[in-house]
Amino acid sequence: MTTTVPSRPAANPILKTSGPDLLRDLDLTDDELGYLLELAADVKRFPSDYAQALRGKSIALLFEKPSLRTRLTFELAAKQLGGNSVFCEGPVGGREPLKDVARNVDRWVNGIVARVFSHDTVEELARWSSAPVINALSDMYHPCQALADVQTIRERFGAQEKVKVAFIGDGNNVAHSLMITAVRLGMNFTLGCPQGFLPNPEVVVQAEGLASLSGAALAITHDPRAAAEGAHAIYTDVWVSMGQERETARRKKAFQPFQVNEELFALARPDAIFLHCLPARRGEEATDAVMESDRSAIFDQAENRLHAQKALLLMMLS
Ligand code: CP
Ligand code: NVA
């Protein structure tokens with residue numbers, strides 16, 4: 001009897017990212033995205049095989065906004081790959097120009113992971129830094145989140161199944177990254193959002209182009225029920241992102257019909273999963289019942305932040 005041993009990505013990745021930075025999802029090529037997901041699955045399965053892969057390498061985390069998942073998973077990823085991390089909280093460029101920050105930090109570390117208010121900040125850091133810059137969330141994108149999201153969806157449904165991902169809520173940073181990444185992988189993607197909370201039109205145009213290449217269907221609707229219908233994954237995020245606190249009252253009113261509750265979730269497939277990048281405001285964008293249901297995959301998704309980011313660091317820094 002012959003057994004087929006599936007090929008595994010090498011512990012020292014054979015595919016390095018072609019661009020220096022990950023500022024937006026499209027900074028990874030299709031091949032790099034595909035390879036990264038394979039590597040993330042391998043790292044998850046065989047973590048000890050990668051324990052020394054980033055030996056002697058360091059990353060700096062520059063965070064303007066609070067974080068639980070992103071900070072801890074990047075710090076742990078660096079450590080578990082044999083490297084180091086340092087953390088710095090506060091306005092990036094608050095005390096000195098960004099071009100000076102970038103050219104100090106890049107002398108000390110091999111990569112910069114930045115969580116910022118304005119996307120221009122990560123662009124400016126990357127312009128001046130000789131070390132790769134990873135966007136750990138800006139007002140436009142959350143590419144590291146999208147990697148863990150598609151990893152989680154593939155784990156549940158496989159890479160071949162034509163899944164429908166329904167994002168119900170704000171056309172925000174998380175929606176942008178998931179839309180781009182999902183349609184590139186051939187996943188059908190529907191965004192259900194209120195009037196006035198559409199995603200950035202340039203991102204939509206890019207996603208339409210990618211969908212036509214991959215054969216994915218891309219739709220945007222203001223009807224949450226139509227968005228949820230027949231979905232394999234129902235995804236939502238907070239109605240008020242960090243930095244939008246002054247809009248809270250207006251947003252809470254507009255998004256109320258878009259709450260993911262048991263009634264809306266019931267419109268998805270019987271085996272559908274519930275996803276949320278977290279942190280959540282339970283009772284607002286999603287009910288406790290949905291978040292605690294046995295079809296909620298939110299903690300698998302959070303776990304995958306670690307594995308996906310390990311794969312990313314391996315491809316960018318090793
Ligand atoms: N999903 C996410 O980025 O979580 P944190 O804000 O806790 O990092
Ligand atoms: N859209 C949210 C995501 C947090 C992980 C925010 O930007 O605050």
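Excluded from the calculations below are hydrogen atoms, water molecules and symmetry mates; all remaining heavy atoms, backbone and side chain alike, are included. Order of listing sets the numbers, starting from 1, for every ligand and every atom in it. None of the values given here were measured: they were computed from a predicted structure.
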Requested in this report: For the pair Arg71 and Glu75, find out whether any cationic side-chain nitrogen is under 4.0 Å from an anionic carboxylate oxygen.
Outcome: yes

Query raised in the report: Salt bridge between Arg103 and Asp106, side-chain N to carboxylate O under 4.0 Å?
Result: no

Query raised in the report: Short list, please: which atoms of ligand 2 are under 4.0 Å from a heavy atom of Asn172?
Result: 1 (N)

Query raised in the report: Which ligand 2 atoms does Leu278 reach within 4.0 Å, using its non-hydrogen atoms?
Result: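 So the answer, numbered in order with elements, is 5 (C).
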
Protein contact to [atom] [nearest heavy atom, distance to 0.1 Å]:
atom                   : result
atom 7 (O) of ligand 1 : Leu68 N, 2.7 Å
atom 4 (C) of ligand 2 : Leu137 CD1, 3.8 Å
atom 4 (O) of ligand 1 : Arg69 NE, 2.9 Å
atom 8 (O) of ligand 2 : Met242 N, 2.8 Å
atom 7 (O) of ligand 2 : Asn173 ND2, 2.8 Å
atom 3 (C) of ligand 2 : Asp237 OD2, 3.6 Å

Report summary line: When rounded to the nearest 0.5 Å, the distance separating CD of Gln301 from CG of Leu278 is 6.5 Å

Query raised in the report: Looking at Tyr50, is Lys310 sitting on its ring face, NZ or CZ under 6.0 Å from the six-membered ring centre and within 45 degrees of the normal?
Result: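 No, Lys310 does not sit over the ring of Tyr50.
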
**Report entry** Residue pair Met316 / Leu22: nearest heavy atoms and the distance that separates them
**Finding:** CE-N, 3.7 Å

Going by the order shown, which atoms of ligand 1 are within less than 4.0 Å of some heavy atom of [X]?
X      : value
His142 : 2 (C), 3 (O)
Arg305 : 1 (N), 2 (C), 3 (O)
Arg115 : 2 (C), 3 (O), 5 (P), 6 (O), 8 (O)
Cys277 : 1 (N)

Query raised in the report: Do any nitrogen or oxygen atoms of Ser241 come within less than 3.5 Å of a nitrogen or oxygen of ligand 2?
Result: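 Yes, there is a polar N/O contact under 3.5 Å.
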
Query - Polar proximity ligand 1 side, Pro279 side, N/O cut 3.5 Å exclusive - result: no

Requested in this report: Could you tell me how the ring of Phe255 sits relative to the ring of Phe197: parallel (under 30°), tilted (30 to 60°) or perpendicular (over 60°)?
Outcome: tilted

Is a side-chain donor-acceptor pair under 3.5 Å present for [Y] with [X]?
X      : Y      : value
Thr152 : Asp149 : no
Gln244 : Asn172 : no
Asn304 : Lys44  : yes

Query raised in the report: Just heavy atoms, cut-off under 4.0 Å: does Lys65 contact ligand 1 by side chain, backbone, both, or neither?
Result: neither

Requested in this report: Have a look at ligand 1 and work out which part of Leu137, if any, has a heavy atom under 4.0 Å from it: side chain, backbone, both or neither.
Outcome: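 For Leu137, there is no contact with ligand 1 at all, from either part.
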
Report task. Write out all pairs satisfying side chain to side chain donor-acceptor pair (under 3.5 Å) with one or both partners inside residues 174-187, taking only residues at least two apart or from two chains. Result -> Asp25-Ser177, Asp25-Thr181, Asp30-Arg184

